[in-house]
*Asks:* 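This structure is in structure tokens; I'll ask about it shortly.
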Amino acid sequence: MKLVKRIQLIPTIFICIVVGLIALQFFNRTIEQKAVTGHIRNVPKQVQLILERSCFNCHSNEQRLSFFDKIAPVSWIVNRDIDRAREVMNFSEWDKLSDAEQKGKFYAIYNMVNAGKMPLPSYALTHPDSKLSAVEVATIKQYTLSLSAKDGLLPAHQGITNVLETTAALAPVSPNGIPYNADFKNWKVIGMSTLIDNTIRVIYGNDIAVRAIEEENFHPWPNGSAVAKVVFKQTRKSNGDIVPGDFVNMQYMVKDGKTYKETEGWGFAKFNGQDLKPTGKTALFAQQSCISCHRQLAESTGYLFNVPPKVNSKRMIQQYLKTVQK
């Protein structure tokens with residue numbers, strides 16, 4: 001008897017689901033239509049076709065969504081992802097970016113696809129044609145490497161001396177209110193890294209950050225933690241060693257869970273060149289750019305790249321500093 005009653009309930013449940021889905025459509029919204037101001041250009045046709053197939057549905061103003069994507073509640077998730085994707089990178093507004101910004105975007109593209117973070121696994125699951133093959137990832141890598149090859153290994157003639165001498169009174173301020181902090185030179189070196197753009201990065205941490213690393217206490221990082229990543233062009237010494245050359249920029253992160261809720265509790269700033277020109281046109285630059293990569297690639301370490309392992313970081317750092325001082 002109970003089984004019969006349960007079977008009889010199936011049509012009722014189905015009707016309720018259908019009615020519920022129909023009701024949800026009254027709360028649906030269409031994707032905001034925006035103008036195409038400038039297509040991505042000056043890239044190989046093969047690279048462009050890969051991006052159009054795998055990225056444009058979210059990272060552009062030219063969506064070609066399936067019927068399924070437009071049905072609530074799925075459409076709510078799709079719309080949210082598109083809004084966030086456009087903020088981070090919009091191929092339909094490529095002309096608004098400087099040459100340096102366009103190059104930086106391609107470094108981010110390669111890092112994301114190489115790590116398997118883009119296209120989003122959830123999107124690729126329902127859009128299998130967006131998946132990238134190993135050959136396509138290699139194609140993007142080859143083009144990105146060609147951009148970094150243009151930078152080359154430059155001779156050192158502009159060090160960081162003038163930057164370190166910047167006083168608090170003269171310190172530039174990021175659009176989100178974070179000032180350049182010249183005191184990082186007194187912090188502990190906690191790691192190094194390189195990137196395909198032929199740069200060397202030396203990472204400094206303040207006392208709070210160093211203690212968090214030693215105690216592996218970065219889930220989340222304690223408020224007050226601060227990290228500075230100083231970027232140099234690579235240069236080659238007469239004996240063949242590759243060491244830091246020209247100063248490129250200083251990237252700064254400070255942890256304040258209340259102030260920076262929209263960016264996982266981290267405040268971001270970046271100061272470029274010898275004049276320390278701040279990155280960003282508005283205070284929203286970190287939400288629109290920085291945090292996206294940190295969310296995708298560094299969640300396991302509290303959204304901070306280059307957290308050194310406790311076991312060998314001290315020996316590695318000391319050896320590196322000896323090499324630089326030779």
Side-chain angles (χ1 to χ4, degrees), residues 100-101 103-108 110-112 114-115 144-145 147-156 158-164 166 174 178 180-206 209-210 213 218 221 225-237 241-254 266-274 276-279 286 289-294 296-298 301-309 312-325:
E101 288 173 326
K103 184 185 295 185
K105 293 295 186 184
F106 261 101
Y107 294 147
Y110 169 66
N111 286 334
M112 286 296 199
N114 187 54
T144 307
L145 286 173
L147 298 177
S148 62
K150 296 176 182 179
D151 298 328
L153 293 176
L154 302 180
Q158 292 180 337
I160 195 173
T161 303
N162 294 337
V163 178
L164 292 179
T166 301
S174 178
I178 298 177
Y180 173 80
N181 187 350
D183 190 50
F184 77 84
K185 64 183 180 294
N186 298 317
W187 298 351
K188 182 177 180 180
V189 176
I190 59 174
M192 289 81 60
S193 66
T194 60
L195 201 63
I196 58 175
D197 59 351
N198 291 320
T199 57
I200 292 177
R201 290 127 189 274
V202 183
I203 302 106
Y204 299 79
N206 69 356
V210 170
I213 291 171
F218 39 77
W221 288 78
S225 298
V227 174
K229 179 183 291 186
V230 188
V231 182
F232 301 91
K233 283 292 182 185
Q234 294 180 14
T235 187
R236 193 184 304 275
K237 297 178 69 173
D241 289 340
I242 296 176
V243 297
D246 290 352
F247 171 78
V248 178
N249 61 52
M250 189 272 259
Q251 303 169 18
Y252 184 67
M253 293 174 61
V254 59
W266 284 104
F268 293 83
K270 183 179 178 182
F271 303 94
N272 304 291
Q274 293 292 310
L276 297 173
K277 182 180 179 181
T279 287
S289 182
C290 306
I291 193 58
S292 175
C293 285
H294 286 258
Q296 294 291 334
L297 301 178
T301 52
Y303 307 104
L304 185 65
F305 294 124
N306 309 119
V307 178
N312 61 8
S313 61
K314 183 176 180 180
R315 183 176 61 182
M316 178 179 66
I317 292 168
Q318 289 176 342
Q319 180 60 38
Y320 177 79
L321 292 178
K322 288 179 181 179
T323 301
V324 173
Q325 293 167 359

*Asks:* Taking all non-hydrogen atoms of both residues, which atom of Met250 and which atom of Ala228 are closest, and how far apart?
*Replies:* SD-CB, 4.0 Å
*Asks:* On a heavy-atom basis, which atom in Lys233 and which in Val248 lie closest, and how many Å separate them?
*Replies:* N-CG2, 3.7 Å
*Asks:* Can you name the residues that form a side chain to side chain contact (heavy atoms under 4.5 Å, CB included) with Ser174, not counting sequence neighbours?
*Replies:* Asn176, Ile178, Ala269, Phe271, Phe285
*Asks:* Applying side chain to side chain contact (heavy atoms under 4.5 Å, CB included), name anything that partners Ala209, two or more places apart in sequence or on another chain.
*Replies:* Asn206, Trp221, Ser225, Val227
*Asks:* What residues form a side-chain hydrogen bond (donor to acceptor under 3.5 Å, both in side chains) with Asn272, not counting sequence neighbours?
*Replies:* Thr279
*Asks:* With Tyr252, which residues qualify under ring pair (Phe, Tyr, Trp, His ring centres under 6.0 Å), at least two apart?
*Replies:* none
*Asks:* List the steps, then state whether side chain to side chain contact (heavy atoms under 4.5 Å, CB included) holds for Val189 with Val202.
*Replies:* CA-CA 7 Å; Val189 176; Val202 183; 3.9 Å; yes
*Asks:* Identify the two heavy atoms, one from Ala115 and one from Leu297, that lie closest to each other, and give their separation to 0.1 Å.
*Replies:* CB-CD2, 3.5 Å
*Asks:* Counting C-beta onward and ignoring hydrogens, is there a side-chain heavy-atom pair between Asn181 and Trp187 closer than 4.5 Å?
*Replies:* yes
*Asks:* I need the Leu145 CG to Tyr107 OH distance, nearest 0.5 Å.
*Replies:* 9.0 Å
*Asks:* Please report the closest heavy-atom contact between Leu304 and Met253, naming both atoms and the distance.
*Replies:* CD1-SD, 3.5 Å
*Asks:* Please report the C-alpha distance between Asn111 and Asn114 in whole Å, then the side-chain angles of each, then the deciding distance to 0.1 Å, and finally whether the side-chain hydrogen bond (donor to acceptor under 3.5 Å, both in side chains) criterion is met.
*Replies:* CA-CA 5 Å; Asn111 286 334; Asn114 187 54; 6.0 Å; no
*Asks:* According to side-chain hydrogen bond (donor to acceptor under 3.5 Å, both in side chains), who are the partners of Asn249, at least two apart in sequence or on a separate chain?
*Replies:* Gln251
*Asks:* By side-chain hydrogen bond (donor to acceptor under 3.5 Å, both in side chains), which residues pair with Lys105, not counting sequence neighbours?
*Replies:* none
*Asks:* Rounded to the nearest 0.5 Å, how far apart are CG of Asp183 and NZ of Lys185?
*Replies:* 6.0 Å
*Asks:* Measure the spacing between NZ of Lys229 and CZ of Phe305 and express it to the nearest 0.5 Å.
*Replies:* 7.0 Å
*Asks:* Looking at Phe247 and Gly273, what are the two nearest heavy atoms and their distance?
*Replies:* CE2-O, 3.3 Å
*Asks:* Measuring from Trp266:CH2 to Cys290:SG, what's the distance to the nearest 0.5 Å?
*Replies:* 13.0 Å
